[in-house]
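The block underneath contains the structure these notes are about, expressed in structure tokens.
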Amino acid sequence: MQRKPFHRIVAVLIVTLGVGLGGCGGASAPEASAAGGAAQKGAPSGMYESRLPGGSVLRLDFHGGGKVDFAMTEDGATNSFAGKWVQNGDVILAEGGEGMTLELRWQGKELITNSLGMQLTFTRP
């Protein structure tokens with residue numbers, strides 16, 4: 001099992017999101033939204049995946065209670081870890097092990113994030 005490429009992707013995600021969120025005033029993580037607005041989609045549930053260049057696949061499996069499982073498959077090996085998510089308006093923050101945090105937004109039935117200098121689209125498999 002090769003973990004170095006996975007760690008490299010996680011490191012790039014951390015740096016990318018850190019730089020992108022650096023100008024946001026350093027606010028703490030949002031609390032889960034109790035009421036939905038007209039522009040807000042419902043809470044995510046179930047499995048979503050995004051295929052990365054080079055054939056790697058990043059999966060997010062959303063559960064009730066603010067739990068999410070992250071899984072990265074590359075070169076036939078899968079690394080997974082548990083995390084948590086919160087929703088504030090139309091923004092969903094998914095935070096996993098090894099410092100990975102994704103800021104996701106609904107676009108139709110897909111979840112979208114801009115990471116690694118590109119847009120990642122998570123769809124149901």
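Residue numbers start at 1 and run along the sequence shown.
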#### Entry: Side-chain donor/acceptor of Ser50 to backbone N/O of Thr121, under 3.5 Å
yes

### Task
Give a yes or no answer on whether the side chain of Trp85 reaches the backbone of Lys67 with a donor-acceptor pair at less than 3.5 Å.
yes

#### Entry: Between Tyr48 and Arg59, a side-chain donor and acceptor under 3.5 Å
no

### From NZ (Lys84) to NE2 (His63), nearest 0.5 Å
16.0 Å

### Query
Can you name the closest pair of heavy atoms from Ala94 and Phe62 and give their distance?
CB-CE2, 4.5 Å

### Message
With a 4.5 Å cut-off on side-chain heavy atoms, are Glu49 and Leu60 touching?
### Response
no

### Message
Would the distance check show the side chain of Gln87 and the main-chain N or O of Gly89 forming a donor-acceptor pair, the cut-off being under 3.5 Å?
### Response
yes

### Message
Is there a continuous path of hydrophobic side-chain contacts, each under 4.5 Å between heavy atoms, that joins Phe81 to Leu104?
### Response
yes

### Query
Transitively linked via ILVMFWY side-chain contacts under 4.5 Å: Leu120 with Phe70?
yes

#### Entry: In one Ile/Leu/Val/Met/Phe/Trp/Tyr side-chain cluster, 4.5 Å: Met100, Val57
no

### Task
Could you tell me whether the side chain of Thr113 and the main chain of Glu103 form a donor-acceptor pair under 3.5 Å?
yes

### Message
Are the side chains of Trp106 and Leu111 in contact, using a 4.5 Å heavy-atom criterion?
### Response
yes

### Query
What heavy-atom pair brings Ser45 and Arg124 nearest, and what distance separates the two atoms?
O-NH2, 2.6 Å

### Query
How long is the gap from CE on Met72 to OG on Ser56, to the nearest 0.5 Å?
5.5 Å

### Message
Same cluster or not: Ile92 versus Ile112, using hydrophobic residues (I, L, V, M, F, W, Y) connected whenever any side-chain heavy atoms lie under 4.5 Å apart?
### Response
no

